[in-house]
Amino acid sequence: MPAPPAAPQPLQILTPSGDLAADSPLPLARIKDLYRSMVAARAYDKKCSAMQRQGRLATYAQFEGQEAAQIGAVAALEPRDWVVATYRDAAAMWFHGYPWLNLILGRTGDERGGHAPAGVNVLPPSITVGAHMIHAVGLGWASLVRGDDAVAMTFFGDGATSEGDFHEAMNFAGVFRTPTVFVCQNNGWAISMPRERQTASATIAQKADAYGMAGVLVDGNDLLAVYAAAHEAVIRARAGEGATLIEAVTYRMGPHTTTDDAGRYRDADHLAEWAARDPLERVRRHLEANGEWTAEWQHGIEIGEAETVEAAVEEAEALPAFDAGDIFDGMFVDLPVALRRQRRAAEDGAG
Amino acid sequence: MPAPPAAPQPLQILTPSGDLAADSPLPLARIKDLYRSMVAARAYDKKCSAMQRQGRLATYAQFEGQEAAQIGAVAALEPRDWVVATYRDAAAMWFHGYPWLNLILGRTGDERGGHAPAGVNVLPPSITVGAHMIHAVGLGWASLVRGDDAVAMTFFGDGATSEGDFHEAMNFAGVFRTPTVFVCQNNGWAISMPRERQTASATIAQKADAYGMAGVLVDGNDLLAVYAAAHEAVIRARAGEGATLIEAVTYRMGPHTTTDDAGRYRDADHLAEWAARDPLERVRRHLEANGEWTAEWQHGIEIGEAETVEAAVEEAEALPAFDAGDIFDGMFVDLPVALRRQRRAAEDGAG
Amino acid sequence: MTERNIAQALNDALDVALADPSVVLLGEDVGRTGGVFRVSDGLQQRHGAARVIDTPVAESGIVGAAFGMAVAGLRPVAEIQFMGFSYPAYDQIVSHVARIRNRSRHRFTAPMVIRIPYGAGIGAAEHHSESTETIYAHTPGLKVVVPSTPYDAKGMLLAAVADPDPVIFLEPIRLYRAVKGEVPDGHYAVSLDEAELVADGTDVTLVGYGAMMREVRRTVEALAAEGVSAAAVDLRTLAPLDLDPVVASVERTGRCVVVHEAPRTGGLAGEIVASVQERALYSLRAPIERVTGWDTVVPLRRSEHHYVPTVERIVAAVHRTLEA
Amino acid sequence: MTERNIAQALNDALDVALADPSVVLLGEDVGRTGGVFRVSDGLQQRHGAARVIDTPVAESGIVGAAFGMAVAGLRPVAEIQFMGFSYPAYDQIVSHVARIRNRSRHRFTAPMVIRIPYGAGIGAAEHHSESTETIYAHTPGLKVVVPSTPYDAKGMLLAAVADPDPVIFLEPIRLYRAVKGEVPDGHYAVSLDEAELVADGTDVTLVGYGAMMREVRRTVEALAAEGVSAAAVDLRTLAPLDLDPVVASVERTGRCVVVHEAPRTGGLAGEIVASVQERALYSLRAPIERVTGWDTVVPLRRSEHHYVPTVERIVAAVHRTLEA
Ligand SMILES: Cc1ncc(C[n+]2csc(CCOP(=O)(O)OP(=O)(O)O)c2C)c(N)n1
Ligand SMILES: Cc1ncc(C[n+]2csc(CCOP(=O)(O)OP(=O)(O)O)c2C)c(N)n1
Ligand SMILES: [Mg+2]
Ligand SMILES: [Mg+2]
């Protein structure tokens, strides 16, 4: 099978060595803030991996390497906007206001993790691959119906672009010009399936063309490039100019999840290559070069963020588990008679 | 909403006035044969519309105007190839060997219509929109597994391109380079939905690009252009070079089906415009200009083909309807015990 | 009050519902041409193309987009053209629409209606005659309802739109224009969790819903003519099931026949029989009979009559219970 | 004979099946990495990437392509990673796979297997614990089977591959590695239309299938310890259902408890109860009891134990039938 045509170069603003290849879309202070958020996200990711090894969490899907793609994109949103993301997008969700507590609860296997605080417009993470993108289309569409200007941003992987629902979501967004920002994190893999075997198109970004939509290819490990692309997409969406597909080219540094053994299907070569493009390190270099970074500061934020995560873990683990009856209470606003009977039976250990 | 970018000009070989705009891909004798087939198909179409009005058929979906798109494409196939088509593609199916009898039986509401004769590689028409294209991918894929060279050609409408299954079929065909020819008859409408509201992409042909596949835009009312595009696609498929998407731009001259009232959603303006591009008339002119057409010959084939259709109608209507027990017999190769019990009850009018 | 058939009653219900600016209708051909059954006739003209929306041909997209709208606080009413075309949307319905309330423990909800014409009997093409309500009734988190009269059609549709949880609203194709009745103008609601005893009797209890209610009602008459006194219950809501009137009646009659046109195996009649025997076994004087579609594909036009339950088949089943 | 667990028995069955060049395996991650449960471990290496095929993430595409292959005369075995991910393929399965034989009156057929790991109990994420076999068992034209032992797993999978009609082959996730047994090497087949009486007894008849058979077998032991003699039937095939051994046993015991982890309403227990009372009403000394999952979403890891039927719940139900 011949190789697909060579893909065009993704948009890059911050080079791996921390230099600006183009004007920065953000002031240094904001970049520093976002850097701190990426450090926080990585602390969470590491904590969850460790907890999973200790049997305190169910399966966990690491996002190491994808912090810039997630936080850079969400940084372009306002609180009234929506985030609709997946199991691997904890950084995106958290940055838009979904507490670590909720994320951890979800990972311990507790439905209460799905209850975002009031005012936080983040849906619980999508576990099914593909189905959630159209939800973001509907959320954005509601803005059109009501005449407000909230935008919906949805995150998904390269694998998700193969599902029929991706197509229907993109097509609806194109036809109805909904204020939707599609962020595909092409991290090279869908479990054991490499990106080249997922679709024969040279890039995912070019798929936008099939829907009369703008498509942008960006270096997903470049916080500033991701932000710039997302910012433009959000502005267009808010202005009624419709949706955008952003392909953020990145890499899944870990296995698919903590139960996956990536050694079965990929060799470690790529890892070193991608480690050199680490999304945090290049921002760190940029900050350092601009006199905004010291080792003590780094040490301080790492400890501070780890403590915040730790506190959330403690709170999650202290929460008493559901009683039998509680599993019924999320089903309807009012339990119908038949379910009330079942609830009673469950409490009594009967039926 | 701004209009989508202007679509490129479709490939045309035979102009509406019957002149050649490029070399003909076919000898005159073959064109004459294909013309006769288009006349036959139109005779069938008219007969079915009449029968439906008389209450002798269930709903019927006319294909008037689309004869060239269907017969031109199938003309590029060999008998060992597959045709996987829809409710509106009787001309394509028949031309590949599916008898009028079967098509009429299907339309009277008789399952036996689905039983193509042995050796005829045509699936029963797809009634669901979208699901059947991936079947053609699987049929072609089987050739790859077995190392033979049968190709599968699938027909579908502009509306069908919105279904998720279109996307999955195109993507699989792209990734696995299956010998599949996708023929989209863009007839301007999906029931009441005009093509411009079905997708925001300028053409359907360009959607091929999203799958690393070749896409071709042709004048679907031009028998020779459709043939040429299909012929090339079949050659590529047989040579292991993968699938092609052909968009044949045509027009649905009738309502969606005999129960639809197109006057509710479109005005008649376009009809006159498209009548001037009639796919039969331009071939007729071409034949006449080349001394291959006379009014008597036309009269003769019209009568002959109408008689053939008539004979099939008579045979279909003479077939005794199913007994109660017969409705079970298509379900499994051997009826399981539970179904044998039900069959007996049905015969006895019990249960 | 206006005399309306079911299609007209539904059209009226949608028109009344659209007075609320958060209600939107979406689906294939629902707008410009008013839907294949004309149930939304005139509504796009009246309420605008932004709220009565013609969509591309993509059922999963329709349901998924409606879901997003509902989460955002709108009250979408999505139409699927025929039950057989709801299957491409199955994942959206069962994995997302039915679950968002539980997944978010009430933080997000999907107050939406999915209207689905269902059932056989009009000699339609394959996939146009499905009666697979079980697949939705078996899905925790969904309400599944089906009216059989114009009055219920309008009142239940308005209740469905107002319901804070998702409702699968089945419409009996065969009865759209076959049943007429007085329908109040303006707004009213019919409860979505109560079955209705539509005939009282002492010898046998008939249970049905939707399109089959016509056969059930006719069976009551046919039995009366031969001196058999039949009670009949219109379930109206299939999930959650209200079997109280059925059980109460069976305790009196000791005999029961459950009717649906869905395939036998795994159909809701099984559920009903199991629940009734749980609650009234000692009242039963004969096995509960089921009169249903067969475990076959719904036959096409020429053979459909071999499949759909008829008054004759129901009467025969009643006779079996009387003779047992 | 080799001692194997269920996952190993299935792996062996697929290896044996692949000796036939018309058999192909396809699905997400089935090849290179041997499937998320390693059921196809080593098979791509042994039989090549053209016949053990890693596909894009697209369930409808997997089933639809397998369907096309089957119509062309191959014998595809498609894998869906978890039952919750079979829903995007629902339309392909019910509208096409199940129907092509009838639609073409035997001219075209779909001799294919769809392997689907199912069931709760491993504390997985949402959608990974589904037990919605009803939606397939309710679909005319499908066979639906589920083994509970390594011996049956291999023999039934080989029978499914050889079957001229499509088979939904459910694999109990919880038992993949939990049950071991002697499994013959090479080819053998276990019938796809016979339930098996796995314990005989005189006081009560337990009916179960798949993962729940572990609880059922343990219940038989627990009851024996308290002097209650329980019979137990492993249905093995859910469509078509073979209830002969159940009816024969109930005629003796007069009591019956049906167990499944699927949600209660519309679950197959209803079907089984309805059929048993049709055939053995006068033998019943107590209402038939159902012990099932609840009408809720399967809870996540921390609360799953409140949902899945336990030996205690089954024993309690048996006591109710004994005291009735
Ligand atoms: C509908 C569905 N099919 C299959 C799965 C199993 N599955 C979970 S993640 C995954 C791969 C997704 O890859 P991608 O979209 O690239 O996201 P990534 O995991 O790389 O972030 C698969 C197949 C699923 N969760 N949902
Ligand atoms: C899955 C599905 N959804 C909806 C329908 C109802 N329907 C039948 S034809 C049609 C329009 C199809 O338009 P197009 O694909 O352009 O084909 P055309 O009818 O123009 O030939 C629709 C929506 C269907 N048959 N199947
Ligand atoms: Mg990925
Ligand atoms: Mg069309």
Side-chain angles (χ1 to χ4, degrees), chain B residues 57-59 61 87 105-111 113-114 124-125 127-131 157-165 190-194 197-199 256-257 259-262 264-266 319 321-331 336 338-339 342-343 345-346 348-351, chain C residues 28-38 41 49 53-62 64 81-82 84-85 87-89 91 122-128 263-265 289-307 309-310 312-313 315-317 319-320:
Chain B
L57 288 192
T59 316
Y87 52 85
L105 277 174
R107 291 304 87 216
T108 62
D110 189 314
E111 282 77 2
I127 306 295
T128 63
V129 170
D158 43 315
T161 66
S162 294
E163 291 279 4
D165 273 2
I191 309 186
S192 69
M193 187 76 159
R197 304 284 305 150
Q198 193 66 241
T199 173
H256 172 65
T257 64
T259 57
D260 177 43
D261 172 8
R264 291 176 70 96
Y265 53 81
R266 72 179 185 192
L319 195 70
F322 278 158
D323 288 330
D326 295 325
I327 68 170
F328 292 85
D329 294 345
M331 296 308 299
L339 265 185
Q342 285 192 14
R343 191 184 193 286
D348 300 348
Chain C
E28 295 156 15
D29 308 293
V30 297
R32 192 77 182 272
T33 191
V36 287
F37 293 107
R38 306 285 176 255
D41 195 19
I53 306 164
D54 283 311
T55 67
V57 185
E59 291 75 15
S60 189
I62 292 167
Q81 258 174 14
F82 286 87
F85 309 143
Y87 307 151
D91 183 52
I122 61 160
E126 203 192 335
H127 310 286
H128 290 69
R264 167 80 51 111
T265 298
E289 289 274 341
R290 293 184 280 173
V291 181
T292 66
W294 308 111
D295 291 341
T296 68
V297 177
V298 185
L300 300 179
R301 185 159 168 268
R302 291 186 84 185
S303 317
E304 204 178 10
H305 60 285
H306 294 311
Y307 180 90
T310 55
E312 292 69 41
R313 276 172 63 195
V315 167
H319 288 169
R320 285 197 299 280

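Here is the naming used below: chain letters follow the sequence lines, and residue numbers restart at 1 for every chain. Quick caveat: nothing in here was measured; it's all calculated off a predicted structure.
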Of the listed residues (B:S192, B:A190, B:G157), which shares the most heavy-atom pairs with chain C below a 4.5 Å separation? B:S192
Any chance you could measure B:L339, atom CG, to C:T296, atom OG1, to the nearest 0.5 Å? 8.0 Å
Engaged part of B:M193 at the chain C interface, taking heavy atoms whose separation is under 4.5 Å: both
When rounded to the nearest 0.5 Å, the distance separating CZ of C:R38 from CG of C:D29 is 9.0 Å
Chain C contact via B:D165 - which portion, at a heavy-atom distance below 4.5 Å: neither
Tell me, for C:E59 versus chain B, whether the close heavy atoms (under 4.5 Å) come from the side chain, the backbone, both or neither. both
Please determine, among C:A125, C:P309, C:A58, the option with the most heavy-atom pairs under 4.5 Å with chain B. C:A58
In this structure, CG of C:L300 is separated from OG1 of B:T108 (nearest 0.5 Å) by 8.5 Å
Does any backbone or side-chain atom of B:T59 lie under 4.5 Å from a heavy atom of chain C? Answer side chain, backbone, both or neither. neither
Once rounded to the nearest 0.5 Å, what's the spacing between atom CZ of C:R32 and atom CD1 of B:I191? 14.5 Å
Side chain / backbone / both / neither for C:T310 at chain B, heavy atoms under 4.5 Å: neither
Contact origin within C:H128 toward chain B - heavy atom pairs under 4.5 Å: side chain
Using a strict 4.0 Å threshold on nitrogen-to-oxygen distance, state whether C:D295 and C:R264 make a salt bridge. no
Do you know which of B:E111, B:R343, B:H256, B:R107 has the most heavy-atom pairs under 4.5 Å to chain C? B:E111
Can you name the ring pair (Phe, Tyr, Trp, His ring centres under 6.0 Å) partners of C:H127, sequence neighbours left out? D:H96
Run the ring pair (Phe, Tyr, Trp, His ring centres under 6.0 Å) test against C:F37 and tell me which residues pass, sequence neighbours left out. C:F82, C:Y176
Check whether C:S60 gets within reach of chain B through its side chain, its backbone, both or neither, counting any heavy atom under 4.5 Å. neither
